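Hydrogens, waters and symmetry mates play no part in the numbers below; they use all other heavy atoms, side chains included. Everything numeric here is computed off the predicted structure, so don't read it as measured data.
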Amino acid sequence: MEFTTPPPATRSGGGEERAAAEHNQHHQQQHATVEKEHMFDKVVTPSDVGKLNRLVIPKQHAEKYFPLDAAANEKGLLLSFEDRTGKPWRFRYSYWNSSQSYVMTKGWSRFVKEKRLDAGDTVSFGRGISEAARDRLFIDWRCRPDPPVVHHQYHHRLPLPSAVVPYAPWAAHAHHHHYPADGHTEPAATT
């Protein structure tokens, strides 16, 4: 996933709104000018976006990009990220001995709610490349693609089960057939 910044929104408004818009635009421009390196993607699972309020970071990525020293294992540490709009996000990152997994906890559920993440969506992590941005971390997201709609070229009619008799009262009278409950046809008795 490429880290991109959407064009800034333009709004006309009062002094406070204009100042906020200019501040956001400055953040976005500052964010957009940073050269970034993609670290890894994580397709979120139901438990990553569920009530456990934590994101499991795959071990190989955790150890490569977010190494923890022994002292930090107990309490974890706070990692700060910027999203595509320049908004800051802080997550507590730690190692859980009980499940032997690296997790982001505090702050994660707020990110899930704001971005409306669902299982199958992808979260991407990146970092700044230049000397000035080397310590900056970035987070991005994208929704999973909708499953393809299957269109059948041919429509097939399924045969009716033998116990089901078509309702055609005119046929019974015209041909003098009797349709009993067991589905077999018998000629009507002649008198």
Side-chain angles (χ1 to χ4, degrees), residues 1-9 11 17 20-21 23-130 133-151:
M1 171 178 289
E2 199 170 309
F3 292 88
T4 58
T5 302
R11 295 185 344 196
E17 286 180 3
H23 177 71
N24 286 341
Q25 184 175 2
H26 173 73
H27 256 295
Q28 289 176 349
Q29 288 171 346
Q30 188 179 26
H31 182 77
T33 59
V34 174
E35 191 176 351
K36 302 167 192 83
E37 170 191 20
H38 177 261
M39 294 189 301
F40 66 95
D41 292 334
K42 166 78 192 283
V43 177
V44 294
T45 65
S47 62
D48 287 331
V49 294
K51 294 181 180 180
L52 296 175
N53 296 325
R54 59 95 180 107
L55 172 69
V56 174
I57 303 296
K59 182 179 180 178
Q60 71 272 21
H61 300 310
E63 291 177 349
K64 181 176 181 180
Y65 298 110
F66 310 127
L68 287 172
D69 60 21
N73 269 354
E74 292 291 318
K75 300 175 188 174
L77 54 101
L78 287 177
L79 293 179
S80 296
F81 294 86
E82 296 172 47
D83 68 17
R84 66 177 75 143
T85 67
K87 182 175 180 173
W89 294 93
R90 291 176 62 155
F91 307 114
R92 179 165 302 283
Y93 171 68
S94 57
Y95 180 77
W96 284 355
N97 284 317
S98 58
S99 59
Q100 297 186 354
S101 55
Y102 294 90
V103 294
M104 289 189 188
T105 53
K106 185 179 178 184
W108 174 247
S109 62
R110 193 171 62 98
F111 185 82
V112 169
K113 286 176 190 165
E114 184 169 311
K115 306 307 181 190
R116 297 181 180 176
L117 294 179
D118 284 321
D121 293 346
T122 301
V123 178
S124 294
F125 296 90
R127 62 183 171 193
I129 296 175
S130 69
R134 180 177 45 175
D135 295 329
R136 290 171 67 184
L137 296 172
F138 300 92
I139 188 167
D140 204 359
W141 70 98
R142 69 175 177 260
C143 295
R144 73 171 183 261
D146 289 330
V149 177
V150 178
H151 295 284

Solution key, residues 60-68 side-chain donor-acceptor pairs under 3.5 Å, sequence neighbours excluded:
from, atom 1, to, atom 2, distance (Å)
E63, OE2, Y102, OH, 3.0
Y65, OH, M39, O, 3.3

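At a threshold of 4.5 Å between non-hydrogen side-chain atoms, the residues V34 and F138 count as touching. In this structure, the side chains of S80 and R90 come closer than 4.5 Å at one or more pairs of heavy atoms. Counting heavy atoms from C-beta on, the side chains of L117 and V123 come closer than 4.5 Å. Within the 4.5 Å cutoff, no side-chain heavy atoms of I129 are placed close to those of K36. S101 places none of its side-chain heavy atoms less than 4.5 Å from the side chain of K59. In this structure, the side chains of R136 and F81 stay at 4.5 Å or more apart for every pair of heavy atoms.
K106 NZ: 12 or fewer foreign heavy atoms inside a 6.0 Å radius.
Annotation: cation-pi geometry satisfied between R84 and W141 (NZ/CZ under 6.0 angstrom from ring centroid, within 45° of ring axis).
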Side chain to side chain contact (heavy atoms under 4.5 Å, CB included) between R142 and S124: does it pass, once the steps are laid out? CA-CA 8 Å; R142 69 175 177 260; S124 294; 4.3 Å; yes
Residues T105, W96; criterion side chain to side chain contact (heavy atoms under 4.5 Å, CB included); working and verdict: CA-CA 11 Å; T105 53; W96 284 355; 3.5 Å; yes
Checking side chain to side chain contact (heavy atoms under 4.5 Å, CB included) for the pair I139/E82: CA distance, chi angles, key distance, verdict? CA-CA 6 Å; I139 188 167; E82 296 172 47; over 6 Å; no
Evaluate the criterion side chain to side chain contact (heavy atoms under 4.5 Å, CB included) for residue pair L137 and F125; output intermediate values, then yes/no. CA-CA 7 Å; L137 296 172; F125 296 90; over 6 Å; no
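To the nearest 0.5 Å, atom NZ of residue K51 and atom OG of residue S109 are 13.0 Å apart.
Every residue two or more places apart in sequence or in another chain that forms a ring-ring contact (aromatic ring centres under 6.0 Å, His included) with W108 is listed here: F91, F111. Applying the salt bridge (Lys or Arg N to Asp or Glu O under 4.0 Å) test to R134 and every residue at least two apart in sequence or in another chain returns E131. Annotation: side-chain hydrogen bond (donor to acceptor under 3.5 Å, both in side chains) contacts of T45 (sequence neighbours excluded): S47, D48. Partners of E114 according to the salt bridge (Lys or Arg N to Asp or Glu O under 4.0 Å) rule, which considers only residues two or more places apart in sequence or in another chain, are K87. The side-chain hydrogen bond (donor to acceptor under 3.5 Å, both in side chains) search around S98 returns none, not counting sequence neighbours.
Each of V49, V43, V44 was compared with D121 under the side-chain contact (heavy atoms from CB on, under 4.5 Å) criterion, and only V44 meets it.
Remark: the T122 side chain and the D41 side chain contain no N/O donor-acceptor pair separated by less than 3.5 Å.
Heavy-atom minimum distance, S94 versus G76: CB-CA, 3.6 Å. Residues R144 and D118 approach most closely at NH1-CB, 4.0 Å, considering heavy atoms.
With D83 contributing its side chain and G86 its backbone, the two residues share a donor-acceptor pair below 3.5 Å.
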